[in-house]
Structure formats: C-alpha cells, structure tokens
Amino acid sequence: MAARAWVSGAATTPFGRREETLPELAGAAATAALRDAGLEAAAVGAVFVGAFTPGMFTGQEHLGALVAERVGVSVPAVRFEAACASGGMAFHLAAQAVEAGVHDAVLVVGVEKMTGLSAGEIASILLSASDTAAEGRVGLPFPAAFGLAARAHMAAHGTTRSQLDAVVVKAHANALANPHAQFHRAVTEEDLRAARPVADPLTLLDCAPISDGAAAVVVTRRPRDDRSVALLGAGAATDTLSLLRRPDITSFRATRMAAARAYESAGVRPVDIDVAEVHDCFSIAEIIATEDLGFFPAGAGGPAAAEGRTGLEGEVVVNPSGGLKAKGHPIGATGIAQIAACVQRLRGEDDRLGPVDLALTHNLGGFGTTAVVNVLGRVA
Amino acid sequence: MTGVIESWTRVFLPTAAAPEVPYLVVFARAGSAGWLVTLPDGPDPCFGTEIDLTGGVPGEGVTS
C-alpha cells in the first residue's frame, strides 16, 4: 500500500449549540490542526473550506478568504459545496492537489453554524439540497425521504425497529467517550419508546441533530512524523439528485461507486477495514452504509447492528466517535470530523480499541446523491 | 394513471408545501419512474398495491 497523501494534523471544535461565531469556529479548528501538524501557517499552499450554505445559515459567504485571514496566510482559498458531503469533497480535492504536486500542504477546514435559525427555517434550507423540481414540489424533508428508505428496507429485507434502535443506542454509548460530542447521554429503552415520531418508522432519536462546529485537517505530500496518517485510497461519486430517478431506494449507488474506487486505489477489501466513520444522518443510513460499503451483504446490515458486529468489540467498529447521530452534524464539518476521528484511532489514541491499521470514512450528501469514501492507514 | 406502492411514511414535520401534520407521503412506481404522492393522514398504505398518481410529482425515468 502506498500513500497518496498524508494527513499530518487534525482537530475539531466541540459540536453542539455553540456561542462562537462561524469565523471563530473555523479559525479555532484550523489553528488547532496546524498546531497538531507542527506546521507554521506559512507552509500552507492553499486553504480549502467545506461548508454547505453558510450564506443562508448566517449571512456569511466568502469562507475561503475568511479562513485564510484567520490563520494569517494569503494563498488561494476557496469554499466547496456538496450538501452534507461538502467537507468530504473539499478533502478529496485537496488530496488530489497534493498528490498532483500542486501544493506541499493544504489546510482543509469544514464548518457550519446552523443553530441561529428556527427549525422551520433550517428545514427549508436543508430542502435546497434535494431536487427542488421533484422532492421540493412535495416539500419532502430529508427525514421523510429516509423514512421512505427505512420502510422500503424493512419491506425488502426484514429490517426491524429494534435494529434501528441498536444503531441509536450504540451511537450515544460511543459518544460518551468523545469530549467534543454534542450528546453525552446514553439512550435507554424508555427513551426509545417515548421518542416522538418524525417520519415513521423514524423518530427524533433516529435523526442527527442540528449542530454548530468545525473540523480541520492538514494534508501534506510527505509525512511530518510518525503521527502522520496515510491516505491510501479515495473515491467520490454522484447519483441522481432526486430519489424519483433511482431504481432502488434501499441502497445508494454513489456510495457503492465511491467505495469501489477507494478500495481499488488502496488495494484493500472491505473485510480489511478495522474502523469506519460512516454517514449516519439517520439510523437507517448507517445500516444502508454498512451494506453499500461491503461490510455486510444487502439486508444484513440491520442484523449486524443488532448483533453488535459494528460495536467496539465488533469485526468492524462503526462510528466510535458517536457518529453524526450523537457527535453532532454541523454539515460542512462532518466529512472532516470523520477523518479527524479516524486519525485519532490510527494514532492509537482511543483506549477502547486495540491496534487500528486501516480506517474508512464515508461522507454522504443529499439522499445518497454525493458520496466520498477514504481509506486511511498507518504506513511504515 | 396509477403506480405501484414501493414505500410510504407518515410525516410529522410541517413544511410550506404541507403545513398540516401528520400527512402521508407515498413513493410509487409507474414503469421505471418514481412518483411521490402526498395524502391526508389515513390508513396505512399497502405495499404492492396500486395508487392513483393524480396530483403526484413524477420523476423523469430511471437513469441507472
């Protein structure tokens, strides 16, 4: 396995309802990632920022220059948008720029500040990531789209409510050990039964929260030291914007294509992955992801979750950070935070896990429309 | 025109297009195209049965 690029620094802010402004969150994560890499800002050749729609959430655009100013550089700086995969896509393109020799180091920052608006305003903004000529005409919010996916998955594969519950319980249990997670509260059977319906079979506990937060990584052409983590494989793909133009709503083709590219370029198989941070925007999304990523056959993701095969003692540890579900989901930050979480595990900084050799990140935008998959590892 | 029900959900989130909750959203297929049909709350729809697509939103055919 050969490294395509290296992640030499990584950091996140705490996620949740934050007092800090959007620039303060982005700046804090960027500065912390540079410090973690042991790099001066002057060594950075470009700044790539992932954010979904900061203009609509906060009124602030032009984030590339904003972050560059925060860290004190005057280099090419730009924002990338791919709905909830904005951060992952910014990283994907940063790694390509480094691999191609355009830059020796790129600072990649993901950020979103979402909690300053009402729930209705946020729902309307999120709807703009769907096909406004299709789902938008119905006003189909994303929880309802994933509710359709969940019920179709149940009908096709026998997936059960208790299997969705297992995903929720695991996420919240894992987040207890993440000091930056939005929720530090275990979910009980009573909580599950009392959760209010959102788009059945999904309840509020099946949904990732609205969050503020930022994450940053420093991508370098060479390792800085033995804490640097290798990017071994990467893939990105897109599918139709509307679910109405899909042959199947129980599986995401973009994930399958991105994963195939990532595995092939890394020269590894799904069974080789020790830890995965997957895009569990809804509980059913984690089950679908574990199938589309090849960890389990189609229809086996639900039973695998219920049997603990994705838990801390499982054959593939899924979302030890707590995932989007419990760690939080500041949209633009999510794809970068997933990478930061895997860097932490590959460095051996999670006492709950044994040695981790290979980790995977899976960042999804829209209703499985954009997918970015990375394979990260330790290389001697 | 009718389509075959592939999935459905009862939605409790009000939107500008559907301010009264709960309401039903049905995903149906006619040929290769998916359709979304919004209905007032009522009995659970049945998988595999046909639904009137009048007033629904069509996809433009499956691309993959």
Side-chain angles (χ1 to χ4, degrees), chain A residues 119-124 126-127 130-156 195-204 206-207 237-254 256-257 282 284 367, chain B:
Chain A
E121 290 171 318
I122 293 169
S124 294
L126 296 178
L127 203 56
S130 65
D131 188 335
T132 56
E135 287 93 325
R137 282 174 58 195
V138 179
L140 186 75
F142 278 104
F146 279 90
L148 290 172
R151 181 159 273 120
H153 204 277
M154 289 172 160
R196 69 174 174 86
V198 171
D200 66 5
L202 303 182
T203 71
L204 188 61
D206 290 297
C207 307
T238 57
D239 199 352
T240 64
L241 198 56
S242 173
L243 64 87
L244 295 177
R245 295 189 289 276
R246 308 270 179 88
D248 179 10
I249 61 170
T250 65
S251 172
F252 296 136
R253 184 178 64 146
R256 300 195 306 271
M257 293 176 68
F282 300 92
I284 185 63
F367 184 72
Chain B
M1 183 177 179
T2 61
V4 177
I5 295 175
E6 282 195 8
S7 191
W8 60 274
T9 181
R10 183 173 285 104
V11 184
F12 296 80
L13 295 172
T15 67
E20 298 295 325
V21 295
Y23 58 94
L24 295 172
V25 175
V26 177
F27 178 75
R29 198 174 295 280
S32 64
W35 286 68
L36 288 174
V37 180
T38 304
L39 302 170
D41 193 24
D44 291 354
C46 295
F47 285 94
T49 60
E50 293 204 343
I51 183 173
D52 183 359
L53 299 174
T54 304
V57 174
E60 297 162 357
V62 174
T63 59
S64 59

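Atoms considered below: every heavy atom in the structure, side chains included; atoms not considered: hydrogens, waters and symmetry mates.
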What closest approach, in Å, do Leu202(A) and Pro143(A) show between heavy atoms, and which atom pair accounts for it?
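Of all heavy-atom pairs spanning Leu202(A) and Pro143(A), the closest is CD1-O, 3.7 Å.
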Quick check on Ala133(A) against chain B: is it the side chain, the backbone, both or neither that has a heavy atom closer than 4.5 Å?
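Contact with chain B is through the backbone of Ala133(A) alone.
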Below 4.5 Å, heavy-atom pairs only: which of Ala149(A), Ala144(A), Ala150(A), Ala156(A) has the largest tally toward chain B?
Ala144(A)
Only pairs of heavy atoms separated by less than 4.5 Å count here; which of Val198(A), Leu127(A), Asp248(A), Leu140(A) has the most with chain B?
Val198(A)
Would you mind telling me which of Phe47(B), Trp8(B), Trp35(B) has the largest number of heavy-atom pairs within less than 4.5 Å of chain A?
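With the most close heavy-atom pairs to chain A, the winner is Trp8(B).
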Dump the intermediate steps for side-chain contact (heavy atoms from CB on, under 4.5 Å) on Glu6(B) and Leu148(A), then the final yes or no.
CA-CA 9 Å; Glu6(B) 282 195 8; Leu148(A) 290 172; over 6 Å; no
Are any of the side-chain nitrogens in Asp131(A) or Arg137(A) under 4.0 Å away from the carboxylate oxygens of its partner?
no
Note: Asp239(A)-Arg245(A) ion pair, threshold 4.0 Å (strictly below):
no
Answer yes or no: is there a side-chain heavy-atom contact under 4.5 Å between Leu24(B) and Asp41(B)?
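Counting from C-beta outward, Leu24(B) and Asp41(B) do come under 4.5 Å.
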Part of Thr15(B) lying under 4.5 Å from any heavy atom of chain A
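Looking at Thr15(B), just its side chain touches chain A.
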